[in-house]
**Q** 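Below is the structure I would like to discuss, written out as structure tokens.
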Amino acid sequence: MCMAILWLASVSLLICPAVSCYECFVEVEDSLRLCWGHVLTHENVRNVDECFRMLDRIFNTNESVIEAGRVGEGYDIKLKEILDAEILPIVEEFDQQLNKDSVYESRLLTAADNFIAAASKLPRVSGCFPPCGFQSAGAVYNCITCQYDSCEFPLDCPVQEIEVMENSGARMWCDVPFDLPNDIEVIWRFAEEVKTQEMDQFKEVTAGVDRLYSIPSTRLQHQGTYQCEMYSGSRSIVRLYFYITVTPQLVAGHTELQEIFDLSLLPGGQLLAAPGAAPRSFLRLLLFLLTTCLTTSLLLLFLSLGVLYWTSVSEEERPVGNTDEDEVLGPVLL
Ligand SMILES: *[C@@H]1O[C@H](CO)[C@@H](O)[C@H](O)[C@H]1NC(C)=O
């Protein structure tokens with residue numbers, strides 16, 4: 001009878017697909033020893049199955065326990081040490097002893113709390129570089145699979161925008177911030193015109209080890225999305241996207257002229273490159289304007305003086321005729 005229950009328990013353990021930090025680290029024999037003396041208070045009978053269900057509830061399906069187990073690479077050994085330190089003393093203490101379910105519950109809950117507290121202090125993943133790529137180095141432990149997950153980023157990186165002038169060059173680097181295996185193969189693909197990340201829109205352009213793709217002289221038909229995909233063996237590591245916009249030269253020339261025109265409207269025709277020079281050139285302009293103003297006023301003054309003089313002279317000239325007469329008459333009178 002007892003053996004049958006033990007056998008059933010171990011079979012249910014093997015069949016049950018849900019794994020946890022507990023099952024990743026505690027041996028089945030230890031669990032069986034732990035649960036051997038589990039007594040249901042209500043019925044006052046020994047029941048191993050209920051004990052396993054309790055372990056499930058406290059460890060296996062508990063989010064806090066699973067989250068605490070998400071440690072960085074190499075620290076699963078520490079997880080095992082922490083859990084062993086909590087569980088194995090209870091196993092020894094309960095070995096071949098009958099204990100009530102309430103006792104099991106409180107002891108196991110305390111063990112789970114201690115595990116969460118200690119495991120949460122272990123280093124988490126630090127080597128993950130978002131937002132994309134399969135990064136095996138930045139792995140995180142997963143108590144559901146008892147394995148390390150990768151950094152859990154998608155393979156596809158966001159599209160980078162590149163703007164180039166027609167007839168100029170464009171260079172794209174298939175580069176990632178994380179470490180790559182040595183056997184990298186690079187495939188460059190192109191989707192003409194469109195900005196896309198849909199795999200079926202791309203046509204393969206080159207395949208090899210070249211991480212750089214360069215277009216020496218861009219034409220309008222070079223506009224579109226470029227994709228580079230890196231493989232290690234048959235495994236895809238990352239997919240980068242570049243969307244190139246080619247500005248036609250004619251439009252480019254027009255824009256340049258407009259810019260030059262706008263710049264020439266600045267005070268003193270000074271370029272924006274030297275902001276410290278701007279006030280000085282403004283002063284010079286002010287000085288120039290003042291001088292011009294003064295010169296103009298002086299000129300106007302002289303002009304009006306000239307006009308005044310001329311009118312007074314011409315006014316004097318009219319009586320000059322009389323004077324002449326007087327002069328003529330003068331001597332006569334004298
Ligand atoms: C998970 O376990 C912790 C510690 O034992 C407990 O405080 C928490 O309520 C549990 N969460 C769930 C959803 O059962």
Side-chain angles (χ1 to χ4, degrees), residues 5-6 8-128 130 138-153:
I5 291 169
L6 283 183
L8 261 176
S10 37
V11 165
S12 72
L13 248 185
L14 289 174
I15 292 168
C16 186
V19 188
S20 76
C21 293
Y22 181 90
E23 282 168 32
C24 292
F25 302 122
V26 179
E27 302 288 327
V28 178
E29 298 92 82
D30 288 331
S31 299
L32 288 170
R33 274 173 71 204
L34 175 73
C35 283
W36 180 86
H38 181 258
V39 174
L40 295 173
T41 315
H42 233 59
E43 291 88 12
N44 202 22
V45 288
R46 209 165 54 83
N47 187 318
V48 178
D49 268 5
E50 266 318 308
C51 176
F52 276 101
R53 270 194 277 279
M54 186 188 288
L55 283 175
D56 256 355
R57 175 162 49 81
I58 294 174
F59 288 97
N60 298 1
T61 57
N62 185 294
E63 273 304 319
S64 314
V65 172
I66 292 166
E67 190 51 43
R70 301 184 70 78
V71 293
E73 186 139 50
Y75 286 94
D76 55 321
I77 299 160
K78 289 276 174 207
L79 285 182
K80 182 171 169 54
E81 282 173 19
I82 293 167
L83 200 60
D84 279 352
E86 293 298 324
I87 298 296
L88 294 186
I90 307 176
V91 171
E92 294 306 324
E93 192 187 324
F94 286 11
D95 194 28
Q96 302 292 313
Q97 303 283 322
L98 294 180
N99 281 287
K100 288 182 177 174
D101 48 8
S102 52
V103 177
Y104 270 89
E105 175 107 21
S106 76
R107 294 296 295 271
L108 289 176
L109 274 175
T110 308
D113 284 346
N114 291 345
F115 173 80
I116 291 167
S120 300
K121 291 200 194 90
L122 290 177
R124 310 273 120 181
V125 171
S126 56
C128 282
V140 55
Y141 194 77
N142 188 338
C143 277
I144 298 168
T145 57
C146 299
Q147 279 176 354
Y148 280 96
D149 294 338
S150 77
C151 291
E152 294 176 352
F153 295 132

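All ligand and atom numbering here is 1-based and tracks the order in the structure. These values consider heavy atoms only, across backbone and side chains, with no hydrogens, waters or symmetry-generated copies.
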**Q** Counting heavy atoms only, name the option from Ile66, Asn62, Thr110 that's nearest to atom 10 (C) of ligand 1.
**A** Asn62
**Q** Using the side chain to side chain contact (heavy atoms under 4.5 Å, CB included) definition, which of the options Asn62, Val65, Asn60 pairs with Tyr22?
**A** Asn60
**Q** With backbone taken as N, CA, C and O and side chain as the heavy atoms from C-beta onward, which portion of Thr61 lies under 4.0 Å from ligand 1: side chain, backbone, both, or neither?
**A** neither
**Q** Answer with yes or no whether the side chains of Thr61 and Asp56 bring together a donor and an acceptor at under 3.5 Å.
**A** no
**Q** Spell out, as yes or no, whether a donor-acceptor pair under 3.5 Å connects the side chain of Tyr104 to the backbone of Leu55.
**A** no
**Q** Any pair with a residue in residues 25-40 that passes salt bridge (Lys or Arg N to Asp or Glu O under 4.0 Å), sequence neighbours left out, goes on the list, sorted by first then second residue, please.
**A** Asp30-Arg33, Arg33-Glu92, Arg33-Asp95
**Q** Is atom 13 (C) of ligand 1 close to the protein, meaning a heavy atom under 4.0 Å from it?
**A** no
**Q** To which protein heavy atom is atom 7 (O) of ligand 1 closest, and what is the distance rounded to 0.1 Å?
**A** Asp113 OD1, 4.5 Å
